[in-house]
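Notes for the one structure printed next.
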Amino acid sequence: MTTLLLASLALAACGQSAPAGPRVFFVQPQDGATVKSPVALEFGAENFQIAAVPPGEVKETRPNLGHHHVAVDADCLPPGSTIPRAAPWVHFGDAKNAIDMQLPPGKHRLTLQIGDDLHRTLEGLCSTITVDVAQ
Ligand SMILES: [Cu+2]
């Protein structure tokens, strides 16, 4: 009796379409891939809007949108951090989602992180992969 009840509750829970959270990810390369420099990077986002930073001085951020940032051999910054305008971070404030990047041979971590109009990190919107750059 109890088992049946739990089973139907679980089914009911699955049937509801819970809103999927926003997410950011590398479309390419794949995590663990062996690649050749220059490496074609492509970024993707789901349930989140990628938008260019407005021109001029930005004082306020717009909700639920932002732009990509990528860093080589760096980790995700904690939520609420301002992403430095300095190496290793590259800002895509023009809303671009791709770049061909020169990388030295060897293993490298690639971190993709969303920042809002004020280049501040957002909870859960970061992804790190590792690639092996061939000689
Ligand atoms: Cu930025």
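In each ligand, atom 1 is the first atom listed, and ligand 1 is the first ligand listed.
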Are V90 and M101 close enough, and set up right, to give a side-chain contact (heavy atoms from CB on, under 4.5 Å), and what steps lead you there?
CA-CA 11 Å; V90 179; M101 194 171 258; 4.2 Å; yes
Of all heavy-atom pairs between T128 and C76, which one has the smallest distance, and what is that distance?
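Heavy-atom minimum between the residues: OG1-SG, 3.7 Å.
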Identified side-chain contact (heavy atoms from CB on, under 4.5 Å) partner of L110 from the options T130, D73, L41:
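The side-chain contact (heavy atoms from CB on, under 4.5 Å) with L110 is passed solely by L41 among T130, D73, L41.
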For T121 and I83, run side-chain contact (heavy atoms from CB on, under 4.5 Å): C-alpha distance rounded to whole Å, both residues' side-chain angles, the deciding distance at 0.1 Å, then the answer.
CA-CA 7 Å; T121 56; I83 300 170; 3.6 Å; yes
Is L77 reachable from V72 through a run of I, L, V, M, F, W or Y residues, each pair having side-chain heavy atoms under 4.5 Å apart?
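The answer is no; the residues belong to distinct hydrophobic clusters.
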Which of the protein's N, O or S atoms come within less than 2.8 Å of the Cu ion (ligand 1), not counting waters?
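Checking every protein N, O and S atom gives H67 NE2, H69 NE2, H91 ND1, H119 ND1.
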Results of side chain to side chain contact (heavy atoms under 4.5 Å, CB included) for P105 - residues two or more places apart only:
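Applying side chain to side chain contact (heavy atoms under 4.5 Å, CB included) to P105 gives Q135.
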